[in-house]
Amino acid sequence: MPHFTPEPEVLSIDRLDLILIARGIPDEVKKAAREILLGSLATDTAALLAAMEQRSEPLRQCIAQLETLSAKLQHTRFSDVAVSATRILDKANATHGGNVAAPVRAAVHSDPRAPKPPATVAAPSDQPPVSRTPKPDSKPLVAPAKPPPADAAHQPQTPRSNGLISPALVTAADTSLSLGDAQSVALAMAELAAAYTIDTPRRVAHFLSQIGHESGFKLKAESGHYTARRMRKVFGCKGGMRYYDAAKDDGKKGRLRDKLWSEEAKYAGNAMNLLSYAYASRMGNGNEASGDGYRYRGRGLMQLTGKENYSNFTAFHNRRLPGDPQDFVANPDLLSTELKYGVECAFFFWNIRDINDAADRDDVKAVTKLINGGVNGLPDRQRRLARVRELLGI
């Protein structure tokens, strides 16, 4: 292979994301875009050349997909993607004297069972997709993985790549999210997924859909600014909110925190006072006067709550990511101000409740119960799950 300094023409990640959710785009084009976004195929010139040297199956699939995208999108609002795909092939052809696509086309057509090139777009492979870190500035996607060793069947099975989590999947889990926010969330999640074993398509699908329902991927801290009636409903009644009697403004089974009635002015509209009282002497918090209830209020994408959980999260984080030591007990606001930690505490929440087992069984009801103790919002969670599953092809 001649020496080559790559100046890749890169297929825009945001454009590929849009193809997945756009109407009127042929299914085979959406499959191609999905495969590219999942990072399992080469899409830049340098990666294409590397695959060319081996005449690999990923090269054949890549050529077919690029040709499909180029042909199908020529006269659509995604024509710039078609141009980008064409430039990738042209540059690779020019570098190798026009011999990149031809051998691949010949190989494809040599199989009498093979359809014409646009139809050769592959469905998601059983092989683990290549790790890709999606970035907001649309950096080049990575090259295909090297073929496994001959004795791979006897090697310990490794988790699938964290490249499973892409902006398109995050957007599918919450369609109200802007593309920029989806890219930022996907980047943060892709860097953490393997460390927390959210590393198979099914786990990713359940994880994203549940967070989409719970927080809409919004990084925030628990407010605690409630009206008098609302705080009594949320925190005041024995048995929880369902036993609040709105007509009587009281608990059907009695009061759990009487001061929400007797000292209403102290707590209504005052988050610090209310949460210090409501979360006092539980979840590892000190008494009301300590202020721990407010200090360790819910934060992050899954609203991690309580000093004990913050302490356990610190230990989890430092054990799995020793290169980034943190103390979330001393710095709890990191969970609501730094996206990577707000995202990570959602992984931690998922891990300590052992939700992967239910996700592996594809049991959305069990997953939901492990998250909130019941099946509140189940239809919405199922709709989000269906959208993510469709993109993942599972």
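Predicted model only: the values in this text are computed from it and were never measured.
For the ring pair (Phe, Tyr, Trp, His ring centres under 6.0 Å) test with Tyr310, the passing option among Phe349, Phe328, Phe348, Tyr296 is Tyr296; the others fail. Among Arg232, Met272, Lys259, the single residue meeting the side-chain contact (heavy atoms from CB on, under 4.5 Å) criterion with Tyr267 is Lys259. For the side-chain hydrogen bond (donor to acceptor under 3.5 Å, both in side chains) with Tyr196, the qualifying choice from His317, Arg320, Glu344 is Glu344, the only one to do so.
Minimum heavy-atom separation, Val375 to Asn372: N-OD1, 4.1 Å. Residues Ala205 and Leu392 share a closest heavy-atom pair of CB-CD1, 4.0 Å. Arg295 and Arg299 make their closest contact through O-NH1, 2.8 Å (heavy atoms, listed as atom of the first residue, atom of the second, distance). Looking at every heavy atom in both residues, Trp261 comes nearest to Cys237 through CH2-SG, 4.4 Å. Smallest separation of non-hydrogen atoms from Ala278 and Phe235: CB-CD2, 3.6 Å.
Side-chain atoms of Asp292 come within 3.5 Å of backbone N or O of Gly286 as a donor-acceptor pair. Remark: the backbone N or O of His225 is not paired with any side-chain donor or acceptor of Asn270 at under 3.5 angstrom. Thr175 contributes no side-chain N or O that, together with a main-chain N or O of Thr171, makes up a donor-acceptor pair within less than 3.5 Å. In this structure, the side chain of Gln303 engages the main chain of Gly300 through a donor-acceptor pair within 3.5 Å. Between the side chain of Asn318 and the backbone N or O of Thr314 there is at least one donor-acceptor pair closer than 3.5 Å. Here the side chain of Arg387 pairs a donor or acceptor atom with the backbone of Ala172 at under 3.5 angstrom. In this structure, Arg381 contributes its side chain and Asn376 its backbone to a donor-acceptor pair below 3.5 Å. Without hydrogens or angle criteria, Thr337 side chain to Asp333 main chain gives a donor-acceptor distance under 3.5 Å. Between the side chain of Arg384 and the main chain of Ala173, a donor-acceptor pair closer than 3.5 Å is present. Ser223 contributes no side-chain N or O that, together with a main-chain N or O of Ala221, makes up a donor-acceptor pair within less than 3.5 Å.
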>> Under the criterion side chain to side chain contact (heavy atoms under 4.5 Å, CB included), I'd like the reasoning laid out for Leu274 against Met231: C-alpha separation, chi angles, the key distance, then a yes or no.
In response: CA-CA 8 Å; Leu274 175 61; Met231 72 178 183; 4.0 Å; yes
Worksheet entry | Asn273/Ser276 under side-chain hydrogen bond (donor to acceptor under 3.5 Å, both in side chains): CA gap, chis, key distance, verdict | CA-CA 5 Å; Asn273 288 347; Ser276 293; 5.9 Å; no
Kindly determine whether Trp350 and Asn356 satisfy side chain to side chain contact (heavy atoms under 4.5 Å, CB included), including the steps that lead there.
CA-CA 7 Å; Trp350 191 272; Asn356 273 341; 2.9 Å; yes
Please test Gln210 against Val367 for side chain to side chain contact (heavy atoms under 4.5 Å, CB included), starting from the C-alpha separation and ending with a verdict. CA-CA 8 Å; Gln210 291 288 340; Val367 169; 3.6 Å; yes
When you look at Thr197 and Asp199, which way does the side-chain hydrogen bond (donor to acceptor under 3.5 Å, both in side chains) test go after all the steps?
-> CA-CA 5 Å; Thr197 64; Asp199 52 12; 5.2 Å; no
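Applying the 6.0 Å contact sphere to NZ of Lys253 captures no more than 12 heavy atoms from other residues, nucleotides or ligands. Within a 6.0 Å radius of CZ in Arg242, no more than 12 heavy atoms belonging to other residues, nucleotides or ligands are found. Few gaps surround NZ on Lys218; more than 12 heavy atoms of other groups in view lie less than 6.0 Å from it. For CD of Glu263, the number of neighbouring non-hydrogen atoms (other residues, nucleotides, ligands) closer than 6.0 Å is greater than 12.
Residues Ile355 and His206 fail the side-chain proximity criterion, which asks for heavy atoms closer than 4.5 Å. Here the side chains of Ser166 and Val170 are not in contact, with every heavy-atom distance at 4.5 Å or above. Counting heavy atoms from C-beta outward, Phe217 and Asp181 have side chains that stay 4.5 Å or more apart. Considering only heavy atoms from C-beta on, Pro167 comes within 4.5 Å of Gln183 through its side chain. Annotation: side chain of Glu264 is not in contact with side chain of Leu260 (no heavy-atom distance under 4.5 Å). Using a 4.5 Å heavy-atom threshold, the side chains of Glu191 and Val343 count as separate. In this structure the side chain of Ser290 never reaches within 4.5 angstrom of the side chain of Asn285, judged on heavy atoms. Between Ile211 and Met189 there is a side-chain heavy-atom pair separated by less than 4.5 Å.
To the nearest 0.5 angstrom, Met283 atom CE is 7.5 Å from Asn309 atom CG. Here the OG atom belonging to Ser209 is positioned 10.5 Å from the CD atom belonging to Glu214, to the nearest 0.5 angstrom. Atom CG of residue Asp327 and atom CZ of residue Phe313 lie 11.5 Å apart, to the nearest 0.5 angstrom. A distance of 5.5 Å separates OG1 in Thr200 from CG in Asp360, rounded to the nearest 0.5 Å. Atoms OG and CG, on Ser336 and Leu304 in that order, are 11.5 Å from each other to the nearest 0.5 Å. In this structure, CG in Asp249 is found 4.5 Å from CZ in Arg229, a value given to the nearest 0.5 Å.
The cluster map of Ile, Leu, Val, Met, Phe, Trp and Tyr, joined by side-chain heavy atoms under 4.5 Å apart, puts Leu177 and Leu219 in the same cluster. Linking Ile, Leu, Val, Met, Phe, Trp and Tyr whenever their side-chain heavy atoms come within less than 4.5 Å puts Leu339 and Leu334 in one cluster. Hydrophobic clustering keeps Leu378 apart from Leu370 (ILVMFWY residues linked when any side-chain heavy atoms are closer than 4.5 Å, directly or through intermediates). Both Val185 and Leu335 are part of a single hydrophobic cluster, where members link through side-chain heavy atoms under 4.5 Å apart. The same ILVMFWY cluster, assembled from side-chain heavy atoms under 4.5 Å apart, contains both Leu321 and Leu301.
A cation-pi geometry, defined here as NZ or CZ lying under 6.0 Å from the six-membered ring centre and within 45° of its normal, does not hold between Lys233 and Tyr244. For the pair Arg203 and Phe207, the cation-pi criterion (under 6.0 Å, within 45° of the ring axis) is not fulfilled. The cationic group of Arg282 does not satisfy the cation-pi geometry with Tyr279, failing either the under 6.0 Å distance to the six-membered ring centre or the 45° limit from the ring axis.
For the residue pair Asp324/Tyr341, the side-chain donor-acceptor check at 3.5 Å is satisfied.
The pair Glu288-Lys266 counts as a salt bridge, with a side-chain nitrogen and a carboxylate oxygen less than 4.0 angstrom apart. Ionic pairing of Arg389 and Asp362 is present here: one or more N-O contacts between side-chain nitrogen and carboxylate oxygen are shorter than 4.0 angstrom.
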